[in-house]
Protein chains: 4
Amino acid sequence: MAEEMNIQSAFQSVMAANQDIPPKQKQVLAASLALFAQQGFANTTTKQIAARAGVAEGTVYRRYKTKDELLAAILAPFMTEVFPRLIKEFAQDVVSQPYMTRHEMIESIVVDRMAFIQKNGAILRILIREISVRKDLRSQFVSHAAPLLQDNLFPVLDRLKARGELVDWPDSRIAQFMIGTMLTELFRRLLLSEDDAAAVSVIIEFLEKGLAPTTK
Amino acid sequence: MAEEMNIQSAFQSVMAANQDIPPKQKQVLAASLALFAQQGFANTTTKQIAARAGVAEGTVYRRYKTKDELLAAILAPFMTEVFPRLIKEFAQDVVSQPYMTRHEMIESIVVDRMAFIQKNGAILRILIREISVRKDLRSQFVSHAAPLLQDNLFPVLDRLKARGELVDWPDSRIAQFMIGTMLTELFRRLLLSEDDAAAVSVIIEFLEKGLAPTTK
Amino acid sequence: MAEEMNIQSAFQSVMAANQDIPPKQKQVLAASLALFAQQGFANTTTKQIAARAGVAEGTVYRRYKTKDELLAAILAPFMTEVFPRLIKEFAQDVVSQPYMTRHEMIESIVVDRMAFIQKNGAILRILIREISVRKDLRSQFVSHAAPLLQDNLFPVLDRLKARGELVDWPDSRIAQFMIGTMLTELFRRLLLSEDDAAAVSVIIEFLEKGLAPTTK
Amino acid sequence: MAEEMNIQSAFQSVMAANQDIPPKQKQVLAASLALFAQQGFANTTTKQIAARAGVAEGTVYRRYKTKDELLAAILAPFMTEVFPRLIKEFAQDVVSQPYMTRHEMIESIVVDRMAFIQKNGAILRILIREISVRKDLRSQFVSHAAPLLQDNLFPVLDRLKARGELVDWPDSRIAQFMIGTMLTELFRRLLLSEDDAAAVSVIIEFLEKGLAPTTK
DNA sequence: AATGAATGAGATTTCATTCAT
DNA sequence: GATGAATGAAATCTCATTCAT
């Protein structure tokens with residue numbers, strides 16, 4: 001699937017969004033990303049970041065004037081570029097196939113999105129944790145994501161519902177189950193630290209059945 | 001349902017597990033719980049806890065000698081008592097009804113567990129967040145939860161599988177989808193800050209269909 | 001003169017304005033005052049303050065959350081209490097003697113104000129230096145001092161002018177010369193580090209002659 | 001008055017004393033001067049200087065190896081050249097007119113010196129502030145200025161005193177009042193940010209009367 | 001038991017200065 | 001010469017923890 005090629009890892013995207021950055025600054029960004037994901041933002045010191053990046057502590061502050069800006073530099077391009085692109089790419093794929101079945105749609109979503117999640121697990125972890133802790137980030141995220149879903153995912157769902165391919169629940173609920181189920185894989189891997197290649201196909205089957213229309 | 005009555009809110013459980021505590025210490029515990037859930041453990045200062053509890057900062061330390069002990073005092077009883085009881089109660093219910101259908105089992109699980117999640121969302125949030133950041137807590141949790149599920153949930157799943165009531169996936173995967181789906185509700189509510197009374201029945205239907213055996 | 005007794009040293013006033021302060025906090029305030037006066041605010045580190053006060057560095061921040069607040073704690077009571085009281089006390093003295101001569105007025109002003117300047121040289125040095133460097137402090141000072149002079153000093157000057165006891169210059173100019181001349185003594189002492197007991201009488205004579213009406 | 005033409009602005013003098021300086025270094029010097037005067041030396045960063053000068057931060061250090069040298073480059077020529085020349089020029093004027101009256105002398109001093117103060121207010125502000133904070137600068141200034149006044153101003157004062165044109169106070173006191181009164185104008189302008197063309201003549205009259213011999 | 005001032009280790013941040021390009 | 005990224009020492013500030021009252 002050509003689309004898959006388009007999905008860049010969020011880390012690369014963060015870097016792309018921070019073009020023309022001197023190499024040491026990239027190291028700082030990479031170190032921050034790794035440490036924030038591993039230990040959490042609040043538990044990571046700039047000293048650790050500097051050590052991991054192999055730079056002096058002052059260097060951490062050269063481009064990003066506060067630790068919070070460092071977090072923003074990681075999350076912002078993700079929310080404003082990577083995430084939107086991800087959703088729009090999906091929409092394009094789907095719109096070009098008006099007579100998609102539920103299976104085709106879910107497979108189309110899950111395969112690419114799971115690849116994305118696996119590549120960008122680190123940033124997603126940071127995002128999820130910080131969203132649950134910072135009100136400002138939460139509303140920023142909601143105001144970014146809501147219209148994206150509204151405009152790109154929901155019309156597709158509605159069309160499928162109209163054709164009797166999808167259960168008749170509110171779109172937000174269907175999205176909750178789709179996204180949530182994919183994210184459980186992130187959590188599973190955290191706990192079991194094991195990789196399961198079969199995960200994708202199982203998730204597809206689970207969603208496909210779970211979201212089938214109610215048969216009375 | 002009688003069982004529901006048995007499910008105490010985690011906070012009450014925490015308090016129960018900390019019996020004979022002077023009132024000020026209870027206030028400290030309650031304040032910590034609220035603040036940890038809202039802002040995260042690392043972002044909460046003992047000063048904030050003291051203020052919220054209406055006590056002096058020194059008082060925070062009378063019973064719990066470190067901030068970490070405070071976290072432990074909240075999470076430990078939850079993991080060692082509340083959580084096990086929750087699962088065992090479920091097992092007892094189910095074991096007494098050998099010919100349960102998938103629907104009955106899932107309903108039996110979800111109704112009570114969702115009530116539990118809704119009551120104890122605060123502690124769960126703390127637990128999930130801290131588990132993702134502390135390796136020790138993670139292995140502690142895994143070594144607690146794994147046998148519990150192994151001993152209580154998995155036999156039930158196996159029996160249902162044997163009777164063709166349940167899809168033939170590894171138990172851990174089925175548990176992942178059941179627990180994960182229920183937890184998505186926590187996250188949904190965090191983002192949308194809206195309560196949906198219909199959530200439970202939708203989740204039941206979603207799981208029931210999603211976990212049905214593959215029909216070929 | 002009874003009034004002289006009323007003039008408290010600004011340091012005592014700063015302390016008075018910071019009543020019920022634990023002794024260590026007073027030491028912090030006193031150390032800050034001394035060091036700011038000696039080395040300037042920007043050249044004084046909180047480490048120096050802590051060392052001079054004989055406390056830990058954290059103690060410096062217990063009551064005053066920033067170094068700037070420490071400066072404010074010293075200057076604010078001076079501007080809002082000591083300085084106004086100083087001017088009002090003068091006004092009361094003078095108002096009770098409607099037929100004062102220029103000599104009497106100037107003597108009445110200079111004697112007490114010079115005592116004040118000598119006692120509070122340290123704070124005045126800080127105030128003058130910081131005023132010349134911070135725009136906010138400057139306008140704060142102007143908006144405090146201007147009405148005070150307007151209401152208390154200028155009417156007295158006008159009355160003397162009307163009686164031909166005082167040169168017919170704008171009040172602000174007369175104030176400039178009176179205050180300025182007194183302050184030159186501060187600067188002289190800084191440079192020569194010598195005390196001249198005769199200063200007061202010389203200043204009185206200089207002002208008395210300098211501010212006499214123009215004889216044509 | 002021809003002399004007035006001779007008085008160059010201190011900035012020009014500073015520049016003159018730093019002849020053969022590449023243009024970028026001049027910009028650095030000018031930026032430093034402006035910023036030190038506005039914000040104080042300690043509150044000005046080399047980054048600000050570089051930005052204001054329109055050069056890179058490294059360039060600030062090409063000629064002046066430390067920030068202190070930058071201050072020295074501004075103040076030194078002022079103290080060693082501008083200031084001495086100012087006083088000597090005055091002396092030459094006066095010596096050539098042995099029968100000067102007090103009015104003539106004061107006018108001769110004040111007119112030119114006030115022009116000087118107005119032109120060089122920025123440097124004077126820096127000088128005064130730093131003198132009050134640095135002991136080395138203070139003694140340097142005293143050892144420079146004292147003999148200059150001793151040799152050039154004091155003989156003139158003595159001659160006038162001998163002729164009964166001037167009050168019989170110590171020369172240092174008379175100098176204090178003359179210089180101090182002129183400097184009050186600097187401070188007045190800082191506070192009121194208004195220019196008063198009449199200032200010079202009022203100051204002359206004030207000094208002339210204030211320094212008149214005591215009449216008994 | 002409770003208080004809250006004090007502590008000091010350590011975190012964040014600043015900035016004069018250096019140095020490779 | 002000029003640049004600006006990098007440095008690291010030192011400054012400001014935070015906060016879990018202790019302790020005298």
Side-chain angles (χ1 to χ4, degrees), chain A residues 20-25 27-28 42-50 53-70, chain B residues 21-25 27-28 41-51 53-70, chain C residues 20-25 27-28 42-50 53-70, chain D residues 22-25 27-28 42-51 53-70:
Chain A
D20 306 326
I21 290 191
K24 298 230 173 181
Q25 296 300 322
Q27 292 163 35
V28 167
N43 303 313
T44 300
T45 70
T46 50
K47 188 173 200 159
Q48 288 175 318
I49 295 172
V55 303
E57 217 172 333
T59 306
V60 174
Y61 285 89
R62 168 139 191 87
R63 173 169 288 252
Y64 309 103
K65 283 182 290 297
T66 66
K67 207 181 143 196
D68 270 313
E69 269 189 31
L70 208 41
Chain B
I21 291 191
K24 297 229 171 184
Q25 297 302 321
Q27 291 163 36
V28 168
F41 174 78
N43 302 314
T44 299
T45 68
T46 50
K47 188 180 198 140
Q48 288 176 315
I49 294 172
V55 302
E57 226 179 324
T59 305
V60 173
Y61 284 85
R62 168 128 314 268
R63 171 170 288 251
Y64 308 103
K65 281 186 283 298
T66 68
K67 202 182 151 197
D68 271 312
E69 272 188 30
L70 214 38
Chain C
D20 306 325
I21 291 191
K24 299 229 172 182
Q25 296 300 323
Q27 292 163 36
V28 167
N43 303 312
T44 299
T45 70
T46 50
K47 188 174 201 160
Q48 289 175 316
I49 294 172
V55 302
E57 216 172 334
T59 306
V60 173
Y61 286 89
R62 168 138 192 88
R63 172 168 289 251
Y64 309 103
K65 282 182 290 296
T66 66
K67 207 181 143 197
D68 270 314
E69 270 189 32
L70 208 41
Chain D
K24 297 229 171 184
Q25 297 302 321
Q27 292 162 34
V28 167
N43 302 315
T44 299
T45 69
T46 50
K47 187 178 198 142
Q48 288 176 315
I49 294 172
V55 303
E57 226 178 324
T59 307
V60 173
Y61 284 85
R62 168 127 314 269
R63 171 171 289 251
Y64 308 103
K65 280 187 284 298
T66 69
K67 202 182 152 198
D68 271 313
E69 272 188 30
L70 213 39

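We name chains A, B, ... by the order of the sequence lines, and we start the count at 1 in each one.
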Rounded distance in Å - [atom1] ([X]) to [atom2] ([N]):
X       : N      : atom1 : atom2 : answer
C/Ile21 : E/dG4  : CD1   : C1'   : 15 Å
A/Gln48 : E/dG10 : CD    : P     : 13 Å
C/Arg63 : E/dT7  : CZ    : P     : 15 Å
C/Glu57 : E/dT12 : CD    : C1'   : 14 Å
A/Lys65 : E/dT13 : NZ    : P     : 12 Å
A/Asn43 : E/dA11 : CG    : P     : 11 Å
B/Gln27 : E/dA1  : CD    : C1'   : 14 Å

Heavy-atom pair of closest approach, residues [X] and [Y]:
X       : Y       : answer
D/Ala42 : C/Ala42 : CB-CB, 3.5 Å
B/Asp68 : B/Phe41 : OD1-CZ, 3.7 Å
D/Pro22 : D/Arg63 : CD-NH2, 3.9 Å
B/Lys65 : B/Glu69 : N-OE1, 3.0 Å

Exercise for the section: Begin with the C-alpha distance, continue with both residues' side-chain angles, and end with the deciding distance and a verdict on side chain to side chain contact (heavy atoms under 4.5 Å, CB included) for A/Leu70 and A/Ile49. Expected result: CA-CA 11 Å; A/Leu70 208 41; A/Ile49 295 172; 4.0 Å; yes
Exercise for the section: Kindly say whether B/Thr44 contributes a backbone atom to a donor-acceptor pair with the side chain of B/Lys67 at under 3.5 angstrom? Expected result: yes
Handout entry: Expected output: side-chain C/Gln25 to main-chain C/Ile21 donor-acceptor under 3.5 Å
Key =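 Not at all, since once roles are kept as given, no pair shorter than 3.5 Å links the two residues.
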Exercise for the section: Please identify each residue that fulfils side chain to side chain donor-acceptor pair (under 3.5 Å) with C/Thr59, with sequence neighbours left out. Expected result: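 With neighbours one apart ignored, the set is empty.
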Exercise for the section: Specify the residue among C/Thr59 and C/Ala42 whose closest nucleotide of DNA chain F lies further upstream toward the 5′ end. Expected result: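 Its nearest nucleotide being more 5', the pick is C/Ala42.
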Problem - Closest-nucleotide ordering on DNA chain F, the 5'-leading residue of D/Gly54 and A/Val60 - result: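 Going by which nucleotide is closer to the 5' end, it is D/Gly54.
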Handout entry: Where chain A begins and ends its contact with DNA chain F, read 5' to 3' at 4.0 Å from heavy atoms
Key = F/dG4 to F/dG8
Practice task
Output the distance between atom CD (B/Gln48) and atom CG (B/Asn43), rounded to the nearest 0.5 Å.
Solution key: 8.5 Å
Sugar-phosphate only, base, or nothing, as touched by [X] at under 4.0 Å among non-hydrogen atoms:
X       : answer
D/Gln25 : sugar-phosphate
B/Val55 : sugar-phosphate
C/Thr45 : sugar-phosphate

Handout entry: Whichever of D/Asp68 and A/Thr44 has its nearest DNA chain E nucleotide further upstream toward 5'
Key =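 The residue closer to the strand's 5' end, by nearest nucleotide, is A/Thr44.
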Problem - Intra- and inter-strand pairs of DNA chain E in dot-bracket (Watson-Crick or G-U wobble, both distances under 3.5 Å; | for another strand) - result: .||||||||||||||||||||
Handout entry: Below 4.0 Å: OP1/OP2 of E/dA16 and any side-chain N or O of D/Thr66
Key =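 Indeed not, no polar side-chain atom of D/Thr66 lies that close.
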